[in-house]
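Structure, as structure tokens:
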Amino acid sequence: MLTGMHVAVMGGDARQLEIIKMLNELDAKVTLIGFEQLDHAYTGAVKEKVSEANFSEMDAIILPVRGTDQEGQVDTIFSNEKIVLTEELLIQTPKHCTIYSGISNPYLDSIISSSNRKLVQLFSRDDVAIYNSIPTVEGTIMMAIQHTDFTIHGSNVLVLGLGRVGMSVARTFASLGAKVKVGARKTEHIARITEMGLTPFHLDDLESVVKDVDICINTIPVLVVKANVIAKMPAHTLIIDLASKPGGTDFRYAEKRGIKALLAPSLPGIVAPKTAGQILANVLSQLLEHDFKNGKE
Ligand code: NAP
């Protein structure tokens, strides 16, 4: 239980609603910043403007998945208020106050460091990334269906990268009957792809394996689907790039060649915000209870 713990939820989208529900169930005191247009009222949660909130009482601050932008602004779909997280606000919090975010950026890193607070990036945890790969794959299937006129079953699918997302994508497309080849650079990944019953190839050979690809799904967050690779693809190939912005595809060249290439960020929040929110809420409940218990000792 989080009875006596004061948590600020600062901005966010539908995923935050599951987190707020969890905080309420665990009896935390909750301040909602950037939620004034949210119709639902939660007992035990108070909606406040950023200028009204008393940061000296906050034991934890929960930011949206993106954290902040490069200027410190926090996204919120439930408010028109401009919410900026600053070093001045963080300094007002108690020293033990922990900030939770999906990911970070140089701005957030710098105010965390200068205010000497602790930042937990939920998406760098393996458990969150693996759970999150489930709605990511479902969103990828949705995009493949929406943007092709052929079935996934029987199609030639290339998956680039065998990380937490790549493995789930490769396995699921193979279960749907696609002929899946997976590109990786590590020998242990090549071995794992073979063990999964899929066809491995080394990323150095990418150019030579794309000649009959129907759908190319990239999960590698560096430029791998380069112009020389796209030049060898059939004209009907669909590229779905799941890697974080700016993706790993030469989108300019794909457009020039008339190949459909889609950057598809934040699929969990789009196709399954409730599940994506529950994934975060489950992990956060464990982390907050642990922090709170340790803080009291
Ligand atoms: P991950 O577990 O770290 O996997 C990344 C993969 O990329 C690994 O196979 C890694 O191989 C490979 N890789 C990295 N740098 C490389 C390089 N320079 N050359 C060749 N291969 C390289 O990450 P993840 O959790 O699967 O996430 C993958 C990407 O998807 C991230 O950018 C993440 O932000 C994004 N993502 C997007 C969505 C969405 O909705 N679109 C959802 C979740 C995650 P090595 O082990 O050899 O480095």
Side-chain angles (χ1 to χ4, degrees), residues 12-15 63-67 69 75 101-106 108 121-147 157-173 180-196 198-207 209-210 215-226 228-229 238-251 261-280 283:
D13 55 29
R15 286 173 280 193
L63 297 174
V65 163
R66 187 160 84 116
D69 70 9
D75 296 333
S101 171
I103 56 174
S104 189
N105 61 34
L108 188 52
Q121 294 183 54
L122 297 170
F123 280 14
S124 62
R125 291 173 57 101
D126 277 340
D127 54 357
V128 174
I130 293 169
Y131 286 127
N132 212 40
S133 74
I134 301 168
T136 305
V137 173
E138 293 192 11
T140 311
I141 294 167
M142 177 191 77
M143 294 192 70
I145 293 171
Q146 278 175 344
H147 294 279
V157 173
L158 282 193
V159 178
L160 307 181
L162 192 76
R164 294 155 308 183
V165 175
M167 188 179 287
S168 304
V169 170
R171 188 188 288 121
T172 311
F173 275 74
V180 178
K181 291 183 187 168
V182 187
R185 59 178 174 174
K186 288 183 179 154
T187 52
E188 62 264 37
H189 285 173
I190 300 289
R192 178 60 68 195
I193 296 160
T194 309
E195 178 275 324
M196 290 167 75
L198 308 176
T199 308
F201 66 92
H202 195 283
L203 284 166
D204 287 347
D205 301 327
L206 180 56
E207 198 180 322
V209 295
V210 297
I215 304 172
C216 176
I217 302 166
N218 177 51
T219 73
I220 301 174
V222 293
L223 183 61
V224 275
V225 190
K226 297 178 183 161
N228 62 315
V229 173
L238 170 68
I239 302 170
I240 302 176
D241 200 330
L242 299 176
S244 49
K245 282 179 189 168
T249 303
D250 187 337
F251 289 98
L262 308 166
L263 185 62
S266 307
L267 287 174
I270 296 167
V271 297
K274 191 176 174 73
T275 308
Q278 283 166 347
I279 291 167
L280 295 172
V283 175

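For the single chain, residues carry numbers from 1 onward in sequence order. As the structure lists them, so they are numbered: ligands from 1, and atoms in each ligand from 1.
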Atom 2 (O) of ligand 1: which of Arg164, His189, Glu188, Met143 has the nearest heavy atom?
->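 Nearest heavy atom to atom 2 (O) of ligand 1 lies in Arg164.
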So if I count the atoms of ligand 1 from 1 in the order they appear, which ones are less than 4.0 Å from some heavy atom of [X]?
{"X": "Thr219", "result": "28 (C), 29 (C)"}
{"X": "Val165", "result": "24 (P), 25 (O), 26 (O), 27 (O), 43 (C), 44 (C)"}
{"X": "Pro268", "result": "40 (O)"}
{"X": "Gly161", "result": "9 (O)"}
{"X": "Ala243", "result": "29 (C), 30 (O), 32 (O)"}
{"X": "Pro221", "result": "7 (O), 32 (O)"}
{"X": "Pro265", "result": "40 (O), 41 (N)"}
{"X": "Ser266", "result": "39 (C), 40 (O), 41 (N)"}

Do Ala129 and ligand 1 have an N or O pair less than 3.5 Å apart?
->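 Ala129 vs ligand 1: no N/O contact under 3.5 Å.
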Ligand 1 and Asn132, any nitrogen or oxygen pair closer than 3.5 angstrom?
->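 No.
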Contact between Met167 and ligand 1, counting heavy atoms under 4.0 Å?
->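 No.
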Mark the output for Ala184 as yes if a heavy-atom distance to ligand 1 is under 4.0 Å, and as no if none is.
->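 No heavy atom of Ala184 comes that close to ligand 1.
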Expected output: side-chain Thr219 to main-chain Leu160 donor-acceptor under 3.5 Å |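 Looks like yes, one N/O pair under 3.5 Å.
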Examine distances only and state if a side-chain atom of Asp241 and a backbone atom of Gly247 form a donor-acceptor pair shorter than 3.5 Å.
->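 Looks like no, no N/O pair under 3.5 Å.
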[atom] [closest protein heavy-atom partner, distance rounded to 0.1 Å]:
{"atom": "atom 13 (N) of ligand 1", "answer": "Ile220 CG2, 3.6 Å"}
{"atom": "atom 4 (O) of ligand 1", "answer": "Gly163 CA, 3.3 Å"}
{"atom": "atom 37 (C) of ligand 1", "answer": "Leu242 O, 2.9 Å"}
{"atom": "atom 17 (C) of ligand 1", "answer": "Arg185 NH1, 3.4 Å"}
{"atom": "atom 41 (N) of ligand 1", "answer": "Ala264 O, 2.6 Å"}
{"atom": "atom 31 (C) of ligand 1", "answer": "Ser244 N, 4.0 Å"}
{"atom": "atom 18 (N) of ligand 1", "answer": "Val222 CG2, 3.4 Å"}

Just how far is it from atom CG of Leu206 to atom CG of Leu203, taken to the nearest 0.5 Å?
->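 Rounded to the nearest 0.5 Å, the CG-CG separation comes out at 6.5 Å.
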When you look for heavy atoms under 4.0 Å from ligand 1, do you find them on the side chain of Ile103, its backbone, both, or neither?
->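 Neither part.
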Ligand 1 contact on Thr136 by region, counting heavy-atom pairs under 4.0 Å |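 Answer for Thr136: side chain.
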Taking C-beta and beyond as the side chain, do Leu242 and Ile240 meet within less than 4.5 Å on heavy atoms?
->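 Yes; the side chains approach each other to less than 4.5 Å.
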Table please: side-chain donor-acceptor pairs of residues 122-131 below 3.5 Å, with sequence neighbours left out.
from, atom 1, to, atom 2, distance (Å)
Ser124, OG, Gln121, O, 2.8
Arg125, NE, Asp127, OD1, 3.1
Arg125, NH2, Asp127, OD2, 2.8
Asp126, OD1, Arg164, NH1, 2.9

Kindly state if atom 22 (C) of ligand 1 has a protein heavy atom within a strict 4.0 Å cut-off, that is, under 4.0 Å?
->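 Under 4.0 Å from atom 22 (C) of ligand 1, at least one protein heavy atom found.
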